[in-house]
Amino acid sequence: MTKLALKKQVAFWGTGRRKSAVARVRLLPGGSGAITINKRTMDDYFGLDTLKLIVRQPLELTQTLGQFDIKVNVRGGGYTGQAGAIRHGISRALILANEDLRPSLKKAGFLTRDSRKKERKKPGLKKARKASQFSKR
């Protein structure tokens, strides 16, 4: 039996959340800039260009677009929530890679978890706030 030599690769992890989506992001330094989401390319996973732009925002802000390979596992929510969660996770992982990037990411608001969630349905109403039309008679 032969032993396989596995090279240890440094990776920076970040967890991002938005609405009900949770993204586990791994930054691998020295890569070509490929972004893989749930074992698919970003272009294959997200159809809209605005969602791709949201994912790339922290990388463009810090000028680290081609320096990392990014692997993402994301679950829950819809596409926009997932894109926001990935952006949050990438921002957190970039800080672990380089602490000097924190002020610019903080100023842009990428480190703040967007706490807006869907409001719960109330009894007697059709949705959270939608009621049936009032009739006086």
Side-chain angles (χ1 to χ4, degrees):
M1 204 169 201
T2 60
K3 285 188 177 180
L4 295 174
L6 297 172
K7 63 176 185 177
K8 280 205 165 186
Q9 193 172 18
V10 178
F12 302 102
W13 288 86
T15 304
R17 293 180 184 87
R18 168 87 167 88
K19 290 189 175 182
S20 60
V22 179
R24 293 177 300 168
V25 178
R26 188 171 57 176
L27 295 185
L28 304 167
S32 60
I35 300 174
T36 308
I37 303 168
N38 291 348
K39 297 180 181 175
R40 290 161 60 187
T41 63
M42 184 172 65
D43 294 328
D44 188 35
Y45 193 79
F46 289 125
L48 296 173
D49 290 332
T50 54
L51 299 177
K52 296 173 195 173
L53 179 95
I54 287 171
V55 170
R56 284 194 206 102
Q57 276 179 331
L59 299 169
E60 289 172 353
L61 180 74
T62 56
Q63 284 122 23
T64 55
L65 200 53
Q67 296 178 14
F68 297 99
D69 275 345
I70 301 172
K71 295 192 176 188
V72 181
N73 288 328
V74 64
R75 298 184 68 144
Y79 286 119
T80 55
Q82 288 183 352
I86 293 169
R87 179 177 76 177
H88 190 219
I90 289 173
S91 302
R92 283 181 162 183
L94 279 171
I95 287 177
L96 295 177
N98 186 357
E99 187 66 35
D100 299 336
L101 302 176
R102 185 178 183 87
S104 60
L105 290 169
K106 184 75 174 167
K107 187 176 180 191
F110 297 155
L111 297 179
T112 307
R113 192 247 198 255
D114 193 347
S115 61
R116 295 176 295 169
K117 285 191 169 185
K118 186 173 174 157
E119 194 174 338
R120 76 171 192 87
K121 184 192 174 300
K122 276 70 170 196
L125 300 180
K126 294 186 186 306
K127 297 197 308 187
R129 299 187 184 204
K130 183 179 180 180
S132 55
Q133 189 174 8
F134 176 75
S135 174
K136 198 168 187 178
R137 285 170 193 77

Looking only at atom types and distance, does a side-chain atom of [X] sit under 3.5 Å from a main-chain N or O of [Y], one as donor and one as acceptor?
X	Y	result
N38	R40	no
D69	G33	yes
K52	R56	no
Q67	P29	no

Is there a path of hydrophobic side-chain contacts, each under 4.5 Å between heavy atoms, that joins L27 and W13?
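Cluster IDs for L27 and W13 differ.
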Hey, any chance F110 and V22 share a hydrophobic cluster, counting ILVMFWY side chains that come within less than 4.5 Å of each other, even indirectly?
no
Residue list, side-chain contact (heavy atoms from CB on, under 4.5 Å) with K106, at least two apart or on another chain
L111, T112
Within this structure, what is the [atom1]-[atom2] distance for the pair [X] and [Y], rounded to the nearest 0.5 Å?
X	Y	atom1	atom2	value
L53	D49	CG	CG	8.5 Å
R18	R113	CZ	CZ	8.0 Å
L59	T64	CG	OG1	4.5 Å
F68	L94	CZ	CG	6.0 Å
I86	F46	CD1	CZ	4.0 Å
F12	I90	CZ	CD1	14.5 Å

Which heavy atom in [X] sits nearest to a heavy atom in [Y], and how many Å separate them?
X	Y	result
A131	L125	CB-CD2, 3.4 Å
A11	L28	CB-CD2, 3.6 Å
P58	L105	CB-CD2, 3.9 Å
A108	L61	CB-CD2, 3.7 Å
V74	A23	CG2-CB, 3.9 Å
Q82	G77	NE2-O, 4.0 Å

Before you tell me yes or no, could you show the steps for E60 and L65 under side chain to side chain contact (heavy atoms under 4.5 Å, CB included), namely the whole-Å CA-CA distance, both residues' side-chain angles and the distance that decides it to 0.1 Å?
CA-CA 6 Å; E60 289 172 353; L65 200 53; 4.2 Å; yes
Step through the shown structure and confirm whether more than 12 heavy atoms of other residues, nucleotides or ligands are within 6.0 Å of [atom1] on [X].
X	atom1	value
Q63	CD	no
R102	CZ	no
R75	CZ	no

Is any side-chain heavy atom of K126 less than 4.5 Å from a side-chain heavy atom of S132?
yes
Any side-chain heavy-atom pair of R92 and V25 under 4.5 Å:
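The answer is no, as the side chains (C-beta and beyond) never meet within the 4.5 Å cut-off.
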With sequence neighbours excluded, what pairs up with E119 under the salt bridge (Lys or Arg N to Asp or Glu O under 4.0 Å) test?
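Counting only residues at least two positions away or on another chain, E119 forms a salt bridge (Lys or Arg N to Asp or Glu O under 4.0 Å) with K122, R129.
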Go through the structure and list residues passing salt bridge (Lys or Arg N to Asp or Glu O under 4.0 Å) with R87, not counting sequence neighbours.
none
